Undergrad: 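My questions all concern the structure below.
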Amino acid sequence: MSGSERYKALKGMHDIMPPDIYLWQRTEGIAREIFSSYGFQEIRPPVVESTGIFTRSIGENTDIVEKEMYTFSDKAGRSISLRPEGTASVVRCYVENNLHTLPAPQKFSYAGPMFRYERPQSGRFRQFYQIGVEAFGSPHPETDAELLSMLRHFLGRLGLRSLHFQVNSIGCPACRPAYREALLGFFSDRIETLCPDCRRRYGQNPLRILDCKVERCVEMRKGAPAVTDYLCQDCRSHFERLCSLLELLGISHTVNPEMVRGLDYYTRTTFEVTSENLGAQNTVAAGGRYDRLVKEFGGPDTPAIGFAIGMERLIDLIKLSAEHRPPAPEVFIATIGEQAVTEGMLLAEKLRISGLWVETGDPVSSLKSQMRRADRLAAGYVLVLGEDEIRSGKIQWKRFADSTQGEIGLSGVCDFILNKA
Ligand code: ATP
Ligand code: MG
């Protein structure tokens, strides 16, 4: 690298830094707390997997597999991919480790970076983070409702209330063929007007046309048959029970028969949570049932359902919803003179062991410049230790919040701060 050249993060990838990092940590902590109260346990799959794991589950004709995967050959010539989503890895882990032998349902959560080679824009990155959950072993609509309720609970704890829940059922292998035929019939006289991708989708997987974002295709699919009119009896009663449970739980929602989602593995329930405050990329969380995927991965027939939350979009919403003050040091110790510097360091260590965030002044700076730094940091308490204080065994304190100040014996300062901070 020549002297004037500077490295930059890759396009579509970003650093998560203070002060935002505090919002991320808080959000992750709340997710952990709430998800575990519903019995979800964390697993941490690797971020790289065999490419087949994703192509097979997400589907060959999806945007993710066709355009967005980071796929490489490793040194042994194996095709490996950075994970574009979490479900495929969790299912692989579930099957590989025979987790179906444990009592059902088994419920897992995950959190971490995902990678998609997309056109970067607001709310759309090439490395982004998701928090997600997957529940294995329950075919019941009660599980779908519980998952949606947990999602609402989580979003509510973050102070986000004006979110829109959309639900749909995309049927099962028993009823989807009839719906597929109906779609083919509907689009047959307008294939030429669809985008090139959708023309291909027509032959391969016409349901994907409903997920296309090209304006022309959105226009052309107005009046298309609704999947909810083609559900078999079992899928219909599952969906009706889910909708009535959502009513009971007070989760207001709309049924959107166009919401087929961008991945092939879904069966029956699909859902999305959207916000009007996010602009074009307005989906903050999405998920659905995937009752056939475990079997496709070589496991026993195991129904399952999950969702993933887009962290960047969630953090944007949290930032819009309220003032967030980043945390500040609880104590700043300003010191003048070598002996005070030593005393200050010992005191700082004592307070840190008790759990406080303590900063100390630069040992060779003037008191004035140390005080300026304490002010900039918005430290809760400033303690001043100089030669006079060492001699008299007292320390000066000043409280940032109300500018009150006073003096306290050196031996009692720890208790004094711990009782107040
Ligand atoms: P979209 O329609 O926005 O492309 P998707 O259907 O591809 O979404 P999912 O695979 O369902 O998204 O992922 C779940 C959530 O992860 C999305 O609702 C969104 O919040 C987030 N997400 C997906 N792709 C990105 C991305 N490239 N950058 C940031 N967040 C993303
Ligand atoms: Mg996408």
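Counting convention: from 1, in listed order, for ligands and their atoms alike. All figures in this text were calculated on a predicted structure; none of them were measured in a lab.
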Undergrad: What protein heavy atom sits nearest atom 14 (C) of ligand 1, and how far away is it?
TA: Gln130 NE2, 3.3 Å
Undergrad: Among all protein heavy atoms in this structure, tell me which lies nearest to atom 28 (N) of ligand 1, with the distance rounded to 0.1 Å.
TA: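 Closest protein heavy atom to atom 28 (N) of ligand 1: Phe125 N, 2.9 Å.
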Undergrad: Write out the residue and atom name of the closest protein heavy atom to atom 26 (C) of ligand 1, then the distance separating them to 0.1 Å.
TA: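 The closest one turns out to be Phe128 CD2, 3.4 Å.
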Undergrad: Near Ala286, which atoms of ligand 1 are under 4.0 Å from a heavy atom of that residue?
TA: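 Here the atoms of ligand 1 in question are 11 (O).
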Undergrad: Identify the closest protein heavy atom to atom 18 (O) of ligand 1: which residue and atom is it, and at what distance?
TA: Thr283 O, 3.2 Å
Undergrad: Looking at side-chain heavy atoms only, is the closest gap between Arg157 and Glu33 below 4.5 Å?
TA: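 Contact flag for Arg157/Glu33 side chains = yes.
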Undergrad: Measure centre to centre between the rings of Phe187 and Tyr202, then say whether the value is under 6.0 Å.
TA: no
Undergrad: Applying side chain to side chain donor-acceptor pair (under 3.5 Å), can you list everything that pairs with Arg119, at least two apart in sequence or on another chain?
TA: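 Arg119 satisfies side chain to side chain donor-acceptor pair (under 3.5 Å) with no residue once adjacent residues are dropped.
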Undergrad: Under the salt bridge (charged side-chain N to carboxylate O under 4.0 Å, His left out) rule, what do Asp264 and Arg208 come out as? Steps first, then yes or no, please.
TA: CA-CA 9 Å; Asp264 276 356; Arg208 289 265 75 79; 2.5 Å; yes
Undergrad: May I ask you to identify, for Asp63, whether its side chain, its backbone, both or neither come under 4.0 Å of ligand 1 on a heavy-atom basis?
TA: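 None of Asp63 does.
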Undergrad: Please check whether Arg261 reaches ligand 1 - meaning an N/O of the residue sits under 3.5 Å from an N/O of the ligand, judged on distance alone.
TA: yes
Undergrad: Within a 6.0 Å radius of atom CZ on Arg292, are there more than 12 heavy atoms belonging to other residues, nucleotides or ligands?
TA: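 Counting other residues, nucleotides and ligands, CZ of Arg292 stays at 12 neighbours or fewer.
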Undergrad: Cation over ring, Arg261 on Tyr265, under 6.0 Å and within 45°?
TA: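 No, Arg261 does not sit over the ring of Tyr265.
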Undergrad: Considering non-hydrogen atoms of the protein only, which is the closest contact for atom 3 (O) of ligand 1, and what is the distance?
TA: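 Result for atom 3 (O) of ligand 1: Arg124 NH2, 3.1 Å.
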Undergrad: Quick one: does NZ or CZ of Arg126 land under 6.0 Å from the six-membered ring centre of Tyr117, within 45 degrees of the ring axis?
TA: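 Checked: cation-pi criterion met.
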Undergrad: Where is the nearest protein heavy atom to atom 21 (C) of ligand 1: which residue, which atom, and how far?
TA: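 I find the closest protein heavy atom is Gly310 CA, 3.6 Å.
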Undergrad: When you measure from atom 2 (O) of ligand 1 to every protein heavy atom, which one gives the shortest distance, and what is it?
TA: Lys213 NZ, 2.9 Å
Undergrad: Measuring from the heavy atoms of Glu85, does anything fall under 4.0 Å of ligand 1?
TA: no
Undergrad: Protein heavy atoms: any of them under 4.0 Å from atom 12 (O) of ligand 1?
TA: yes
Undergrad: Please examine the side chains of Arg268 and Asp144, heavy atoms only from C-beta on, and report whether any two atoms are closer than 4.5 Å.
TA: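 Side chain of Asp144 against side chain of Arg268, heavy atoms only: no contact under 4.5 Å found.
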Undergrad: With a 4.5 Å heavy-atom cut-off, do Cys212 and Cys195 have their side chains touching?
TA: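 In short, these two side chains touch, coming nearer than 4.5 Å.
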Undergrad: What atoms of ligand 1 come within less than 4.0 Å of a heavy atom belonging to Glu118?
TA: 24 (N), 25 (C), 26 (C), 27 (N)
Undergrad: If you count the atoms of ligand 1 from 1 in the order shown, which ones are under 4.0 Å from a heavy atom of Gly123?
TA: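 What qualifies from ligand 1 is 28 (N), 29 (C), 30 (N).
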Undergrad: Just by modelled atom types, is the Leu293 backbone N or O under 3.5 Å from a matching donor or acceptor in the Ser57 side chain?
TA: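 Not a single qualifying donor-acceptor pair exists.
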Undergrad: Looking only at protein heavy atoms, identify the closest one to atom 10 (O) of ligand 1 and say how far it is in Å.
TA: Arg116 NH2, 2.7 Å
